[in-house]
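Chain letters run A, B, ... following the sequence lines, proteins first and then strands; every chain starts at 1. If you're wondering where the values come from, they're calculated on a predicted model, not measured in any experiment.
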Number of protein chains: 2
Amino acid sequence: MTDVAALAGVSAQTVSRVAREEPTVREATAVRVRAAMEELGYTPNRAARALRYGHYGTVGMIAHRLARTGESRTVEAVVEAAQAEGYTVTLVDIASPAPHDVSAAVARLSHQDIDGLIIIRAESATPDTLALPSHLPVVVSDSRFVGHHPAVGADQAGGARAAVEHLLGLGHRTVHHLAGPADSTPARQREESWRSALTAAGATVPAVVRGDWTAASGHDAGAALAADPEATAVFAANDEMAAGLVRALHEAGRSVPADVSVVGFDGIELSAQLWPPLTTVEQDFGEIGRQLVDLLLRQVRDDEDLQDTHTVVPVRLVERQSTAPPRP
Amino acid sequence: MTDVAALAGVSAQTVSRVAREEPTVREATAVRVRAAMEELGYTPNRAARALRYGHYGTVGMIAHRLARTGESRTVEAVVEAAQAEGYTVTLVDIASPAPHDVSAAVARLSHQDIDGLIIIRAESATPDTLALPSHLPVVVSDSRFVGHHPAVGADQAGGARAAVEHLLGLGHRTVHHLAGPADSTPARQREESWRSALTAAGATVPAVVRGDWTAASGHDAGAALAADPEATAVFAANDEMAAGLVRALHEAGRSVPADVSVVGFDGIELSAQLWPPLTTVEQDFGEIGRQLVDLLLRQVRDDEDLQDTHTVVPVRLVERQSTAPPRP
DNA sequence: ACCAGAAATGTTTGCGTAAACAGTCGGCGG
DNA sequence: CCGCCGACTGTTTACGCAAACATTTCTGGT
């Protein structure tokens, strides 16, 4: 900055004014300064600015396994929404969703240059195990934190219920469930909602088959389900597992949907390309991302107290060709 | 920091020493200081540190549509590799891969607190249109920048050749190509390599069908290909389009692989779950991410000049059940 | 007990920026 | 033609931290 000032024949303060486009600089001077900045390749030092201003223009985001569809779509939406508000996003991926790793990630990130923190799918962390720096605004996409931090989440319960009711409505006696890992909050919510929807309809509740979100685990589970002639309808906790399940059914010679109907969850892009195209509960990841950023920035900028806020983003059942009435 | 120093009854410098875990502080003192830090919720201010040190411990990453499989896997790998080296990653998503938007993103990011920049899939940007701040270390995952910036890329040509040769080896007379968008460098490389592999084998080169990477575009293209009885083997430029293509073939009553063999590219998780499981050219995104970080940090830390470096990461043809010899 | 030298701690300074305050200059009314 | 006002521009200072240098407090050996 000093060099620019010298070259333009002005003071450093004037350079600063030009850099920030203050209107109180005479145009002729500004032109000269800009030319000098150009020539010297000057760029304002953000660390110094952050030090001066006391904030960074950056939000942190913690995620686990961010190449997964739900994660990456949320990340994309968050980045876009944050950018639209003039913030950048710094990302940390945690090794596992275990409390210890989450805390380590928070510790690392809270020493970073961030004004606020977005935690997505910190599935197994609990408010107690999460040692957050005081006064750091936080939003979470996991409802376990309701009452501790503002949260945004898809309507897991509603989606699961819609899936079960759709299958029951088709005439199936009951609906099997291919659940997600037991330590995942969304997985548990989907499972509980599946159970209560069955109970409410007076249907029997079959044993849960559990996977770990991966397609491979869905494929394993599918082998078991395919052997059970009673299983005519399956609600899978996500689309990847549903894809593995469908493949296992194909391999077992069971037709989808003639022999077995399958419903997924998430609405990933490829769900429409499976054979048959998968009926699924579609989440609006874009909206989730936008809400997360909105809630966070309201705390950062306006110092709002949003503790008890819990935004539920609606989901939508998309009926495709993987569901049909059972064989008579 | 001053408050902590006062509370612990030491100087600010000693607090700094404890914060950085310098070994020259007596343990008894360190304990007192740590207690004070704890009580006051003190956290070192990174902006001030960055200002003092002259670097940020952060790398920037520019990507486009980062929810796509290849992108998100690369992002995840980069984040992990950077974390392992003690760096964090700040992300910016660009609206479109057009030169103008890329430049805007670079401009935005170069004013951020970053020590280096990773550009992935800046497909249509050219070295000229990209106004980078001078002296900012850069790596690129697009070979168009070879000679301008160090680059890392999968072996596009080798992968495409392997796909074509696999199909030809199965006995197909020729191989059709479902290409990616014309403004994408990887798409062009795959297409050119497909063409030269056919020519080298003395096979005729059918007209290219072009998609835009999405499964939907693959489905559209599939409708055309399904109507052509000459098309017994198709090499799709990515797995998403291959999935759409396979679905279109199913809908047209053409069997895969009995009537038409299909090979994809990327090796996304769901490629193994399609029906039939997709033969594809698998990229090692993890390795690409690690190489990107390695190349970048060598410039950042050691000030190495890596201009002409171009690391090619091998790909691997994974044979599954979507390919077979043509009907006699 | 005394001293040299090592260990521990304190003081000064500057990193690049922008707010607050202090000039300087030109033009206009009287 | 003087003085005052507003438009510009310059000077001083502090943001929080850590390197460099200065000073104090311990060691252990005699």
Side-chain angles (χ1 to χ4, degrees), chain A residues 1-58 86 108 110-115 133-136, chain B residues 1-58 86 110-115 133-136 300:
Chain A
M1 189 153 108
T2 315
D3 297 343
V4 173
L7 181 59
V10 298
S11 72
Q13 182 59 27
T14 298
V15 176
S16 168
R17 283 195 260 257
V18 173
R20 281 170 299 123
E21 303 184 0
E22 268 196 21
T24 68
V25 179
R26 205 190 315 170
E27 187 52 27
T29 312
V31 168
R32 228 167 53 240
V33 172
R34 276 193 283 267
M37 294 200 288
E38 180 83 17
E39 182 172 341
L40 267 38
Y42 167 82
T43 276
N45 180 311
R46 288 254 314 180
R49 279 196 174 170
L51 181 58
R52 196 78 241 288
Y53 287 135
H55 68 260
Y56 304 94
T58 298
R108 178 166 44 232
S110 63
H111 290 280
Q112 298 296 326
D113 328 343
I114 59 171
D115 299 319
S134 49
H135 305 309
L136 181 69
Chain B
M1 189 153 110
T2 314
D3 297 344
V4 174
L7 180 59
V10 298
S11 72
Q13 182 59 29
T14 298
V15 176
S16 168
R17 283 194 260 259
V18 172
R20 281 171 298 123
E21 302 182 0
E22 265 197 23
T24 67
V25 178
R26 206 188 318 170
E27 187 52 28
T29 313
V31 167
R32 232 168 50 242
V33 172
R34 275 194 283 267
M37 295 201 287
E38 180 82 18
E39 181 171 342
L40 267 37
Y42 167 81
T43 274
N45 180 311
R46 286 256 312 182
R49 278 195 176 171
L51 182 59
R52 193 79 240 288
Y53 287 136
H55 69 258
Y56 304 94
T58 299
S110 63
H111 290 278
Q112 298 294 328
D113 329 340
I114 59 171
D115 298 320
S134 49
H135 306 309
L136 181 68
V300 171

Enquirer: Can you tell me how far C1' of dC17(D) sits from CD of E21(B), to the nearest Å?
Expert: 16 Å
Enquirer: Collect all protein-nucleotide pairs involving nucleotides 7-9 of chain C in which both atoms are nitrogen or oxygen and the distance is under 3.5 Å.
Expert:
from	atom 1	to	atom 2	distance (Å)
dT9(C)	OP1	T29(B)	OG1	2.3
dT9(C)	OP2	R26(B)	N	2.8

Enquirer: Any pair with a residue in residues 3-21 of chain A that passes salt bridge (charged side-chain N to carboxylate O under 4.0 Å, His left out), sequence neighbours left out, goes on the list, sorted by first then second residue, please.
Expert: R20(A)-E22(A)
Enquirer: First locate atom OG1 of T29(B), then atom CZ of R34(B), and finally report the distance between them rounded to the nearest 0.5 Å.
Expert: 10.0 Å
Enquirer: Ignoring backbone atoms, test whether Y53(B) places a side-chain nitrogen or oxygen under 4.0 Å from the OP1 or OP2 oxygen of dC17(D).
Expert: no
Enquirer: Would you say dA18(C) has OP1 or OP2 under 4.0 Å from some side-chain N or O of R49(A)?
Expert: yes
Enquirer: To the nearest 0.5 Å, what is the distance between OG on S16(A) and CE on M1(A)?
Expert: 5.0 Å
Enquirer: Measuring to OP1 and OP2 of dT17(C), would you say a side-chain N or O of R20(A) lies under 4.0 angstrom away?
Expert: no
Enquirer: Can you tell me how far apart CZ (R49(A)) and NE2 (H55(A)) are? Round to the nearest 0.5 Å.
Expert: 10.0 Å
Enquirer: If you check every side-chain atom of Q13(B), which of dT17(C), dG16(D), dT11(C) has the closest atom?
Expert: dT11(C)
Enquirer: Starting at atom CE of M37(A), determine the distance to atom P of dT17(C), rounded to an integer number of angstrom.
Expert: 11 Å
Enquirer: Go nucleotide by nucleotide along DNA chain C from the 5' end; which of A12(B) and M1(A) gets its closest nucleotide reached first?
Expert: A12(B)
Enquirer: Tell me: OH of Y42(B) to C1' of dA18(D), nearest whole Å?
Expert: 10 Å
Enquirer: Atom CZ of R52(A) to atom P of dT17(C): distance rounded to whole Å?
Expert: 12 Å
Enquirer: So which atom in A5(B) and which in A12(B) form the shortest heavy-atom distance, rounded to 0.1 Å?
Expert: CB-N, 3.6 Å
Enquirer: Rounded to the Å, how far apart are N45(A) CG and dG16(C) P?
Expert: 7 Å
Enquirer: Any chance you could measure T58(B), atom OG1, to R46(B), atom CZ, to the nearest 0.5 Å?
Expert: 5.0 Å
Enquirer: Among V10(B), V33(B), V31(B), V4(B), find the residue that satisfies the side chain to side chain contact (heavy atoms under 4.5 Å, CB included) test when tested with V18(B).
Expert: V33(B)
Enquirer: Mind calculating the distance between NE2 (H55(A)) and P (dA18(C)) to the nearest angstrom?
Expert: 11 Å
